[in-house]
Enquirer: 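Mind having a look at this structure? Questions to follow.
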2 protein chains.
Amino acid sequence: MVAKPDTVVGANAERSRNHNRQVVLARVRAAGQIGRAEIARSSGLSTQAVSNIIADLLEDGMIAEQGRRSGVRGLPAVQYSLNPCGGYAFGVEIRPDAVFAALLDLAGETIFSERRTQTKHDPESVTATIEALKTRALEKARVPANRVLGAGIVLPGPFGATGIQGSGSELPAWQQIDLQTWFSEALSLPVFVENDANAAAMAERVSGVAQGLETYAFLYFGTGLGLGLVHQGRLIRGAFGNAGEIGHIPVPSAGKSVLLESAVSRLSVQRHLNAAGLAVTSSEDLRLLYASNDPALAAWLEQAAEPLSAAITTVENLFDPQAIILGGAMPDNVLDHLIGAVTLTDRSVARREDRTRPRLLRGASGRMTATLGAAALVINQAFTPMIAVAQ
Amino acid sequence: MVAKPDTVVGANAERSRNHNRQVVLARVRAAGQIGRAEIARSSGLSTQAVSNIIADLLEDGMIAEQGRRSGVRGLPAVQYSLNPCGGYAFGVEIRPDAVFAALLDLAGETIFSERRTQTKHDPESVTATIEALKTRALEKARVPANRVLGAGIVLPGPFGATGIQGSGSELPAWQQIDLQTWFSEALSLPVFVENDANAAAMAERVSGVAQGLETYAFLYFGTGLGLGLVHQGRLIRGAFGNAGEIGHIPVPSAGKSVLLESAVSRLSVQRHLNAAGLAVTSSEDLRLLYASNDPALAAWLEQAAEPLSAAITTVENLFDPQAIILGGAMPDNVLDHLIGAVTLTDRSVARREDRTRPRLLRGASGRMTATLGAAALVINQAFTPMIAVAQ
DNA sequence: TTGATAATTCAACACAGTTGAGTTAACCAC
DNA sequence: GTGGTTAACTCAACTGTGTTGAATTATCAA
């Protein structure tokens, strides 16, 4: 994030109402179908208050009536559920060579996505592409502009004090820019800026395998290796917005200590395969290579197991998540192999009797994870009540 | 924590007011001295609202008037500051052999502390000791019972679904108990239950070296080795309340991968010294041993540097804290040595130009850290606005 | 001395949630 | 079926809390 720390502010009528709308919306979303009285019970609001808010949300098209529930005594409760077309989120992922965009509805469904190659890297050119993509998305999906709740912008971290942080970036002009303000003005929308791993984590929560999870971690294969940490439905960004740089942690590998990234990452596997004379550029290449039982890839996977296991153990014990998700720029079959190859130690707080879910999951969103995640930031925000958060 | 997840609830007049009181109180505390208009500006409330709340807080004795500020144009602002005797927090640490208790005032000053040896370990006996300690604390410090804001109870984690989790604990009876309810009834106070590392982290925030920090980590030498994670002023507990089990992470040590706890912990140093024929039981023993340049201790410190450095690097990169604090059951000279021996890598998100603080700090609260932390949980809570948090 | 500046208060007001009584529609037992 | 029970829901009066804008006050600066 752009080091603009969330700031707690005071409550007033307007902010309270907003907060309560989000509380109600979150309950509707979590339940799928729910009646007003039940929302009231679980939210600490009176039925009357919930009734008023529900009327509001209905009028705004955010929810829809679903008939009455029967089978129990008493007046059957009118059920409500999310209205997917009640709001949309625009997501953008800026990569070195291209810009990806996606439009999601409230339910997290992708209703538009597109990739644009990007040769010019100055802020103005990239922004122009993004504006064009926004226009096109709304047109193709026939979504009125005022239904768009916000835009998420994803770019590889880590971030500096304001813009993107140096470290070999070819984009010095970006470093001077307050990204949130910049894009907010360009798109006339509330904007959320995030790194790829964090966004990917949110993507899984909004439409992937992390639905219903509140506390989990996402190990993201991207440029490097990142970890998105979600705690009680909120991203953990650290003091300077650079939490989750898991690629930089030391892990054991065949009797030596190495950086995780050097043993387990997209770059690592590519180097390894190159050394074996194999040119691999896309995830599809990797998928086919794995399917053909390539020995060089098998060797890489073999060496990756130990450091990856160590990293997983570390995350489990430091963060105690409900699950750890693996995803990003790796084909599903490779991810599945890695998940199978990880040694889960018993000496972990994640080892418990009352567990109902696997400790490791494969991400559902594939190659577009981070782009969907950009939009997911907006969706998630619509369901995350929090009085306060300046700007 | 006792796996009772914080739940966001709806806002109403009463909860909003409470929230706002805490927002104002937090501003007063952070500033030391501050006027109403300034609070209003920084909190998003109107001056009038702040005025009303300040009047409330004054009446409750939580703050005190401090004269007017001059030197600028306009009506001089009346300054307010915390009134230390406006509220007190009772903290209890339950150890296998003893019970520690402390009473802190609002400013975080310790105004009472005591240790009681505990031979009986059943819930009733321990609770009786705690009740006795509470009575004695209030008497000795001349604090009226209604000024006590709450009690913090600290016991070594990890916790199970309800009570303490097994793992060799001699206290099976505790496992069936909902600790928060149990102690809340016994002490007639709001109660916060936490593990030692988390409590220790809070102690530093309320009266130690973490004052003013919002996001940091505390490496706690206790029974094992724990990590208290504070993110934006709130503890990170993980999904099941067992985040921070850093003792279980694999780290490199002389070409092998070991668990951090086995190389860096109180138990580890004791075993090492025992093997060298040295009997060490207290921190004071260790302090003297270090002061006398004992070669066995030096050897232990030597071997601890590599694994500890790896752990520090891991925490920095996963969590991106403002600082990492070392403390707990180790004498200051040993902690200082360890801090000096850690290799801080440049390949860390913690390496930044705009840094004003050391990356590593020594905890200020010594041996009582966790006990003070128990009380600090209460104090911190009084300054942490959050609409919602069921029970 | 006078004007500018900024904190503070006052009083009317608006907003949102609460309360308690009353209504409605289903289930259940006879 | 009939009538009692249950629980969701609505209505209308009410309450608590923050906001607004004008008036007041105290200091600085020219």
Side-chain angles (χ1 to χ4, degrees), chain A residues 8-25 27-28 31 33-60 63 65-81 385 387-388, chain B residues 8-25 27-28 31 33-60 63 65-81 385 387-388:
Chain A
V8 179
V9 304
N12 59 18
E14 186 190 343
R15 291 196 277 249
S16 290
R17 172 66 123 174
N18 210 22
H19 174 92
N20 289 348
R21 269 179 66 121
Q22 290 185 286
V23 168
V24 170
L25 214 44
R27 294 289 197 284
V28 172
Q33 292 250 123
I34 194 170
R36 284 171 278 193
E38 196 181 338
I39 297 174
R41 276 190 299 268
S42 77
S43 66
L45 292 169
S46 62
T47 17
Q48 187 56 64
V50 173
S51 263
N52 296 338
I53 292 166
I54 287 282
D56 245 43
L57 292 171
L58 269 177
E59 196 174 354
D60 292 359
I63 57 173
E65 209 175 304
Q66 293 291 328
R68 308 184 95 107
R69 195 186 83 188
S70 56
V72 285
R73 280 198 161 190
L75 209 180
V78 181
Q79 301 293 102
Y80 297 90
S81 67
I387 285 197
Chain B
V8 179
V9 303
N12 59 18
E14 186 190 342
R15 292 196 277 250
S16 289
R17 172 66 120 171
N18 211 20
H19 173 92
N20 289 348
R21 269 178 68 119
Q22 290 185 285
V23 168
V24 170
L25 215 43
R27 294 288 197 285
V28 172
Q33 293 247 124
I34 193 169
R36 285 170 280 192
E38 197 181 338
I39 297 174
R41 277 190 300 267
S42 78
S43 66
L45 291 168
S46 61
T47 18
Q48 187 56 64
V50 173
S51 263
N52 297 338
I53 292 166
I54 287 280
D56 245 43
L57 292 171
L58 268 176
E59 195 175 353
D60 292 358
I63 57 173
E65 209 175 303
Q66 294 292 328
R68 307 183 96 106
R69 196 187 83 189
S70 56
V72 286
R73 280 196 162 191
L75 208 178
V78 180
Q79 300 294 102
Y80 297 90
S81 66
I387 285 197

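Within every chain, numbering begins at 1; the chains are lettered A, B, ... in the order of the sequence lines, protein sequences first and strands thereafter.
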Enquirer: Enumerate, atom names and distances included, each donor-acceptor pair closer than 3.5 Å involving a side-chain atom of residues 33-41 of chain A, sequence neighbours excluded.
Expert:
residue: R36(A); atom: NH2; partner: Y80(A); partner atom: OH; Å: 3.3

Enquirer: Considering residues at least two apart in sequence or located in another chain, which fulfil the salt bridge (charged side-chain N to carboxylate O under 4.0 Å, His left out) criterion with R27(A)?
Expert: none
Enquirer: Tell me every residue that passes side chain to side chain contact (heavy atoms under 4.5 Å, CB included) with L75(B), counting only those two or more places apart in sequence or in another chain.
Expert: R68(B)
Enquirer: Given that T47(A) and A13(A) both sit by DNA chain D, which one's nearest nucleotide is further toward the 5' end?
Expert: T47(A)
Enquirer: Quick one: side-chain hydrogen bond (donor to acceptor under 3.5 Å, both in side chains) partners of D56(B), sequence neighbours excluded?
Expert: R21(B)
Enquirer: Tell me every residue that passes side-chain hydrogen bond (donor to acceptor under 3.5 Å, both in side chains) with S81(B), counting only those two or more places apart in sequence or in another chain.
Expert: Q66(B)
Enquirer: Hydrogens and angles aside, do N52(A) and Q48(A) bring a side-chain donor and acceptor to less than 3.5 Å of each other?
Expert: yes
Enquirer: Going by side-chain hydrogen bond (donor to acceptor under 3.5 Å, both in side chains), name the residues that satisfy it together with S16(A), two or more places apart in sequence or in a different chain.
Expert: S16(B)
Enquirer: Nucleotide range of DNA chain D contacted by chain A, 5' to 3', under 4.0 Å to a heavy atom?
Expert: dG4(D) to dT19(D)
Enquirer: Identify whether any heavy atom of N20(A) sits under 4.0 Å from a base atom; if not, whether one sits that close to sugar-phosphate; answer base, sugar-phosphate or nothing.
Expert: sugar-phosphate
Enquirer: When rounded to the nearest 0.5 angstrom, what is the spacing between CZ in R15(A) and CG in N20(A)?
Expert: 13.5 Å
Enquirer: Reading DNA chain C in the 5' to 3' direction, which nucleotide is the first one with an atom under 4.0 Å from a heavy atom of chain B, and which is the last?
Expert: dG3(C) to dT18(C)
Enquirer: Judged by each residue's nearest nucleotide on DNA chain C, which is more toward the 5′ side, R68(A) or R21(A)?
Expert: R21(A)
Enquirer: Return the set of residues passing side-chain hydrogen bond (donor to acceptor under 3.5 Å, both in side chains) with N12(A) (not counting sequence neighbours), or none when no residue passes.
Expert: none
Enquirer: Touch check for R41(B), heavy atoms < 4.0 angstrom, all strands: base, sugar-phosphate only, or nothing?
Expert: sugar-phosphate
Enquirer: Using a cut-off of strictly less than 4.0 Å between a heavy atom of the residue and any atom of DNA chain D, enumerate the qualifying residues of residues 74-81 of chain A by number.
Expert: G74(A), L75(A), A77(A), V78(A)
Enquirer: Considering non-hydrogen atoms only, spot the tightest contact between S43(A) and V50(A) and give its length.
Expert: OG-CG2, 4.4 Å
